[in-house]
Amino acid sequence: MENQILQSKLDWEDTFNTITDMITIHDKDFNIIRANKAAADTLGLPVLGSGKVKCHQFYHGQDNPPDNCLSCDCFETEAPVAFETYEPHLDKFLEIRAMPRFDHNMQVKGLIHVIRDITERKKVEEALQRAEQMKLVGEWAAGLAHEIKNPLAGIKVSVEVLLEDLNISPDDRSIVLRAVGEIKRIETLLKSLLNFAQPPKLQLTLIDMNALLDQTLDFSLKHPSLSSSSSIEIDVSKDFDKNIPLMQADLVQLQQVFLNLLFNAIEAMPDGGELNIKSDYDQNAGAIKIEISDTGKGIDQGIMDDIFKPFFTTKSKGSGLGLAITRRIIEEHGGVISVTSDPDKATVFEILLTIQKEKR
Ligand SMILES: Nc1ncnc2c1ncn2[C@@H]1O[C@H](COP(=O)(O)OP(=O)(O)O)[C@@H](O)[C@H]1O
Ligand SMILES: [Mg+2]
């Protein structure tokens, strides 16, 4: 008999701890009286009744249950309740279900929490939502860009013709030239709008990543849009991994990616600073890592979630499309782009690309 009891105790503990969802058992006074292994590992709770802790104290650091307390709802309704939440200290999205436990008189004696990590599902949902949003914005932007393009070309030609014919003073000429310059700026913006809205299909060729980085860096440092600030001192350093194999990618589109990141880095350092480009090849993972870092303004934590969104900009003359286009291109290549920043100090953009075909 004793053996049987012991065996069933072991069986239930074993089952409880094998379940990969996090499970906690609570009494009527909000004490967490048991936690299975998954809950103990992830939440840092003691396993199997080795102590009592009130759930509102453990989760919210409060002596009483919070206003939106799931357990309270469950006690009140005597029925299962569920909700989804983001736990900042775990950096995880959790689905939490609470179910009442009844004694043999059908009185609620406590409840069970079943907690599932839904972070991966949330990420997929977010990516789908983003793709949908990009598509809508894209269609709208393409329509608008087409409408503006032709009249704008007309204005530019008219002004240029006037400029040739008119015998105007140098001062007036410089004003008209400025107008032409502004028209060109709108044209560039329209081009990136259309590029964003109607992305060209990937044209894959074999690419030497270091050569591409080198060439794009040269181009960006000489670009006329930066020549007005040519007096600023930017200390450029390169740290290339020589063992990167050739990889299949779209040369023009990757060039666009690096240009966007380099321009942003340079624009973040109006008083000069350090720009570093690093490439790394991880042979085991078959992945290339590219890092573009600057010692510029940095990015405030509060806007970190926004910088990749189309039209988000903090610059008076920005389009807010650079990073949106950049992320789209990287994702089309099956890669990921991420950013870390220390406000007022430094920013690092990191790109990870997997090599599909190796040659060299
Ligand atoms: N290297 C960087 N340092 C600081 N802020 C940056 C950097 N790169 C991007 N950002 C921020 O992200 C925003 C969006 O960038 P982007 O999409 O390229 O648009 P734009 O450059 O036209 O503003 C910028 O306005 C800026 O606030
Ligand atoms: Mg930009």
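Along the sequence shown, the residues carry numbers beginning at 1. Just so you know, these numbers use all the heavy atoms, side chains as well, and skip hydrogens, waters and symmetry mates. Note that the structure is predicted; figures quoted are calculated from it, not measured. Each ligand, and each atom within it, is numbered from 1 in the order the structure gives.
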Just which atoms of ligand 1 are under 4.0 Å from any heavy atom in Ser319?
-> 22 (O)

Atom indices of ligand 1 within 4.0 angstrom of Gly298 heavy atoms, with elements = 4 (C), 5 (N)

Note the single closest protein heavy atom to atom 5 (N) of ligand 1, along with its residue, its atom name and the distance in Å.
-> Ile299 CG1, 3.3 Å

Of the choices Leu261, Ile307, Asn264, which has the non-hydrogen atom that lies closest to atom 18 (O) of ligand 1?
-> Asn264

Distance (rounded to the nearest 0.5 Å) between Asn195 CG and Ile325 CD1 | 4.5 Å

Partner of Ile299 by side-chain contact (heavy atoms from CB on, under 4.5 Å), out of Thr314, Asp306, Val339 | Val339

For ligand 1, is Gly296 a contact, meaning one of its heavy atoms is under 4.0 Å away?
-> no

If you group Ile, Leu, Val, Met, Phe, Trp and Tyr by side-chain heavy-atom gaps below 4.5 Å, do Leu111 and Ile25 land in one group?
-> no

Between CG of Asp271 and CD of Glu233, what distance do you get to the nearest 0.5 Å?
-> 12.0 Å

Non-hydrogen atom of Asp294 closer than 4.0 Å to ligand 1 = yes

Looking at atom 25 (O) of ligand 1, what's its closest protein heavy atom, distance included?
-> Thr314 N, 2.9 Å

Can you find an N/O atom of Leu323 closer than 3.5 Å to an N/O atom of ligand 1?
-> yes

Note: ligand 1 atoms sitting under 4.0 Å from heavy atoms of Phe312 are 14 (C)

Backbone or side-chain N or O of Ile303 under 3.5 Å from ligand 1 N or O = no

Only residue of Lys184, Arg185, Arg178 satisfying salt bridge (charged side-chain N to carboxylate O under 4.0 Å, His left out) with Glu182 is Arg185

Distance-only side-chain donor-acceptor flag, His56 / Ser71, under 3.5 Å = no

Best match, Gly320, Ala265, Ser192, Pro310: closest heavy atom to atom 20 (P) of ligand 1 | Gly320

Flag for Asn3-Gln7: side-chain donor and acceptor within less than 3.5 Å | no

Do Phe311 and Leu189 belong together in a cluster built from hydrophobic side chains that touch within less than 4.5 Å?
-> no

Thr313 backbone or side-chain N/O/S under 2.8 Å from the Mg ion (ligand 2) | no

Tell me, please: is Phe308 in heavy-atom contact with ligand 1, that is, under 4.0 Å?
-> no

Contact between Lys297 and ligand 1, counting heavy atoms under 4.0 Å?
-> no

Please check if any side-chain donor atom of Asp117 sits under 3.5 Å from a side-chain acceptor atom of Thr119, or the reverse.
-> yes

Let me see the working for Phe75 and Phe30 under ring pair (Phe, Tyr, Trp, His ring centres under 6.0 Å), right down to the final yes or no.
-> CA-CA 10 Å; Phe75 283 134; Phe30 300 94; 5.6 Å; yes

Of the listed options Leu275, Thr313, Ile325, closest to atom 23 (O) of ligand 1 (non-hydrogen atoms) | Thr313

Any atoms of ligand 1 less than 4.0 Å from a non-hydrogen atom of Gly318? List them with their elements.
-> 22 (O)

Top protein contact for atom 21 (O) of ligand 1, by heavy-atom distance | Lys315 NZ, 2.7 Å

Report the distance from atom CG of Leu213 to atom CD1 of Ile277, rounding to the nearest 0.5 Å.
-> 5.5 Å

Is Thr347 touching ligand 1 with its side chain, its backbone, both, or neither, if touching means heavy atoms under 4.0 Å apart?
-> side chain

In ligand 1, which numbered atoms sit nearer than 4.0 Å to a non-hydrogen atom of Ala268?
-> 2 (C), 3 (N), 4 (C)

For the atom pair CG (Leu254) and OG1 (Thr326), what is the distance rounded to the nearest 0.5 Å?
-> 10.0 Å

